[in-house]
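Shown next, in structure tokens, is the structure this report addresses.
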Protein chains: 2
Amino acid sequence: MGIVIDFREDQPRWQQVAQVIRERITAGTYRPASRVPSENDLMQEFGIARMTAHKVMRALREEGAIYTVRGMGSFVSPPDTTAPSEA
Amino acid sequence: MGIVIDFREDQPRWQQVAQVIRERITAGTYRPASRVPSENDLMQEFGIARMTAHKVMRALREEGAIYTVRGMGSFVSPPDTTAPSEA
DNA sequence: AGATATTTGTTCGTATGTATC
DNA sequence: GGATACATACGAACAAATATC
């Protein structure tokens with residue numbers, strides 16, 4: 001149960017976990033509109049406290065990677081439609 | 001968002017913030033049994049760290065100005081009923 | 001309708017480490 | 001060495017929204 005991450009000491013845990021989630025979104029492991037792990041999930045998988053997990057999600061939310069609905073969970077944000085990528 | 005206090009250097013920040021809160025209680029800005037700003041509020045309003053905000057509240061609590069309930073917040077203490085003010 | 005479980009939001013309590021004065 | 005101040009991190013408790021039974 002849970003990766004046993006040996007956290008580096010030169011960077012906060014919440015940043016390291018956020019980076020892992022970020023990469024999973026980029027890699028497509030977590031797809032748009034699908035749910036990402038709950039704070040409880042992160043606690044178990046990474047062996048961190050809930051407030052630390054909360055901080056991870058807040059960071060990802062503030063950078064627009066996910067959106068959150070209380071009582072439901074967090075979800076991968078849809079692709080950016082404001083950018084002129086598809087003409 | 002937040003007063004921009006230019007903290008004096010001759011006195012600890014936590015004491016200066018405590019004094020501000022103290023004065024607001026005296027002035028009636030914060031009334032008995034009503035909630036005073038959370039530690040998070042103080043962080044934002046005064047631009048201080050949470051541990052510093054915590055120190056502020058602890059000082060006010062120890063002098064009886066407020067009481068605290070974990071998970072709820074801190075509240076202005078009721079008027080002192082032990083003193084023989086109203087006969 | 002009611003109870004329960006899950007999930008996020010928010011609050012305080014505490015400890016540790018680092019840096020500065 | 002002690003006091004101040006910051007960030008990090010864990011724990012605990014209360015609250016609200018959602019979903020399910």
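Just so it is clear: chains get the letters A, B, ... in the order the sequence lines come, proteins before strands, and each one is counted from 1.
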Indicate yes or no: at least one non-hydrogen side-chain atom of B/Met51 is less than 4.5 angstrom from one of B/Lys55.
no
Using a strict heavy-atom distance below 4.0 Å, which residues from residues 50-62 of chain A are in contact with DNA chain C?
A/Arg50, A/Met51, A/His54, A/Arg61
Scan nucleotides 16-21 of chain D against the protein and return all N/O pairs shorter than 3.5 Å with their distances rounded to 0.1 Å.
residue : atom : partner : partner atom : Å
D/dA16  : O4'  : A/Arg70 : NH1          : 3.1

Assess, by modelled atom type and distance only, whether the side chains of B/Gln19 and B/Gln15 contain a donor and an acceptor separated by less than 3.5 Å.
no
Count the heavy atoms of every other residue, nucleotide or ligand shown that sit under 6.0 Å from CZ of B/Arg61, and state whether that count exceeds 12.
yes
To the nearest Å, how far apart are B/Tyr67 OH and C/dC12 P?
13 Å
Rounded to the nearest angstrom, tell me the gap between atom CZ in A/Arg13 and atom P in D/dA7.
19 Å
Once side chain to side chain contact (heavy atoms under 4.5 Å, CB included) is applied, do any residues pair with B/Arg50, and if so which ones, sequence neighbours excluded?
B/Glu39, B/Met43
Whole-Å distance between D/dA9 P and A/Phe7 CZ?
8 Å
Going by salt bridge (Lys or Arg N to Asp or Glu O under 4.0 Å), name the residues that satisfy it together with A/Arg22, two or more places apart in sequence or in a different chain.
A/Glu63
Can you tell me the distance, in whole Å, between the CE atom of B/Met43 and the C1' atom of D/dA5?
12 Å
Rounding to a whole Å, what distance do you find between B/Arg35:CZ and D/dA15:C1'?
12 Å
Considering only side-chain heavy atoms of A/Pro12, which listed nucleotide, C/dT11, C/dT8, D/dT8, is closest?
D/dT8
Report the distance from atom CG of B/Asp10 to atom P of D/dT4, rounded to the nearest whole Å.
13 Å
Would you please name every residue forming a side chain to side chain contact (heavy atoms under 4.5 Å, CB included) with A/Gln16, sequence neighbours left out?
A/Phe7, A/Arg8, A/Gln11
Backbone N/O of A/Ala65 and side chain of A/Ser77: donor-acceptor pair under 3.5 Å
yes
A/Tyr67: which residues meet the ring pair (Phe, Tyr, Trp, His ring centres under 6.0 Å) condition with it, sequence neighbours left out?
A/Phe75
Side chain to side chain contact (heavy atoms under 4.5 Å, CB included), paired with B/Val36, selected from B/Asp41, B/Thr29, B/Leu42, B/Val76
B/Val76
Check the distance between D/dC10's P and A/Trp14's CH2 and give it to me in whole angstrom.
13 Å
Please tell me which of the listed nucleotides, D/dC10, C/dC12, C/dT11, lies nearest to the side chain of A/Ala49?
D/dC10
Rounded to whole angstroms, how far apart are CD on A/Gln15 and C1' on D/dA7?
11 Å
